[in-house]
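In what follows, chains are A, B, ... by sequence order, proteins preceding strands, each numbered from 1. Just so you know, these numbers come straight off a predicted model, no measurement behind them.
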Number of protein chains: 2
Amino acid sequence: MALKLDARDVKILAILQQEGRISKSDLARRVNLSNTPCWERLQRLEAAGIVRGYGARIALELFAEHVTVFVTAELENHRNEDFVRFEDAVGREPEIIGCWALGGGLDYLFQVVTRNVTSYQSLIDRMLESEAGLKRYYSYIVTKEVKAGGAIPVELFAGT
Amino acid sequence: MALKLDARDVKILAILQQEGRISKSDLARRVNLSNTPCWERLQRLEAAGIVRGYGARIALELFAEHVTVFVTAELENHRNEDFVRFEDAVGREPEIIGCWALGGGLDYLFQVVTRNVTSYQSLIDRMLESEAGLKRYYSYIVTKEVKAGGAIPVELFAGT
DNA sequence: GATGAAACTGCTCCAAG
DNA sequence: CTTGGAGCAGTTTCATC
């Protein structure tokens, strides 16, 4: 690991995950530090890339019909270049908002957010016709988001 | 849908998803608006709950060993109260950072971030022994995050 | 919608303990 | 690590076009 974090650093991360636009003086108060050292800690965390950036959480359901689909994928071949090609294809599709390589029988799981099942099917057709190397896939349509944007439980990793 | 958004609102959302801590005057410049009307739009978006909040993106891999696991779950029973009980159990576990109800044969998919496979197994044991109603599950260990924290492609939903 | 400005709050850096 | 503060930048509200 690049950096050793103490409990205060971890608390800073936990707060920022939930309240990314908190003012730095409020943040300092929340971790029982004065302004300056808290600011320096945050600088270090950002410089080290541990805080990768900040983003707004958007409630898409409030202004647009859409579908979320999880897809398990198996590739035709399993040479290194096949994985690279598939991952490039995934990177080029903005509707694929997450993708994970898996151990075991399946190669990948990815998450699609798109307008409707028709546009979902277009995406899959594009993946099949391109050189992505997708062999078999299975689609799981999401009917309800039970828990989303759940923060990483950074507290679990304090002092590791 | 609660609110009608025009192309500028959507652009504001797209920018805020990626740069949640951008200053409001910079944001105004980016959408070719002056300070005041841009600020009013953002107020409306936040008040309507479309901007749900802001959060830092954390690079956990830079400071802690951890495992990510996706789990498909099937419940013992399928009465309304069974779903409620399971979803409550999910809500109580901070290591479960995402959970989606699925159409088709499987009931749920959820995502776990935890220290190691031992702590993952503890979580599953806890779910099995509790009244969550978990019958069958399958674990997919993540070996690589190919694409994560991918923003919702809000541009797709402009003018809907 | 644009502009300009006033009053305020917060940020960044620095000095001194 | 603390406090205090100087100078600056960003925020929010207002009045005017």
Check: Can you find a heavy atom in the side chain of Ile124(B) that is under 4.5 Å from one in the side chain of Tyr137(B)?
Finding: yes
Notebook entry, point to check: Charged N to carboxylate O below 4.0 Å: is that the case for Lys144(A) and Glu87(B)?
Noted result: yes
Check: Does Asp6(B) or Ile22(A) map to a spot on DNA chain C nearer the 5' end, using the closest nucleotide for each?
Finding: Asp6(B)
Next item on the list: Using only side-chain N and O atoms of Arg8(A), determine if any of them is under 4.0 Å from OP1 or OP2 of dC1(D).
Entry: no
Notebook entry, point to check: Between atom CD in Glu46(B) and atom C1' in dT12(D), what is the gap in whole Å?
Noted result: 13 Å
Note to self: Can you measure Leu27(B) atom CG to dT12(D) atom C1' for me and round it to whole angstrom units?
What the structure shows: 15 Å
Next item on the list: Check whether the ring centres of Phe70(B) and Trp100(A) lie less than 6.0 Å apart, and answer yes or no.
Entry: yes
Item checked: Lys/Arg N to Asp/Glu carboxylate O, Glu61(A) vs Arg52(B), below 4.0 Å -> yes
Margin query: I'd like the 5' and 3' limits of the part of DNA chain C contacted by chain B, with heavy-atom contacts below 4.0 Å.
Written below: dG1(C) to dG4(C)
Check: Under 30°, 30 to 60°, or over 60°: which ring-plane class applies to Phe86(B) and Phe110(B), parallel, tilted or perpendicular?
Finding: tilted
Margin query: For Tyr54(B) and Tyr54(A), I'd like to know if the aromatic rings sit close, meaning centre-to-centre distance below 6.0 Å.
Written below: no
Checklist line | Terminal helix-axis angle for the helix from dG1(C)-dC17(D) to dG17(C)-dC1(D), with five pairs defining each axis and rounding to 10 degrees | finding: 10°
Notebook entry, point to check: Is it true that Arg85(B) and Asp88(B) have a side-chain N and a carboxylate O under 4.0 angstrom from each other?
Noted result: no
Next item on the list: Within residues 31-40 of chain A, find the residues that approach DNA chain D with a heavy atom at under 4.0 Å, and present them sorted by residue number.
Entry: Leu33(A), Ser34(A), Thr36(A), Pro37(A)
Note to self: Within the 4.5 Å heavy-atom criterion, are Glu145(B) and Thr68(B) side-chain neighbours or not?
What the structure shows: yes
Note to self: With a 4.0 Å cut-off on N to O distance, would you call Lys11(A) and Glu155(A) a salt bridge?
What the structure shows: no
Margin query: Looking at every non-hydrogen atom in both residues, tell me the closest pair between Leu13(B) and Leu45(B) and how far apart they are.
Written below: CD2-CD1, 4.0 Å
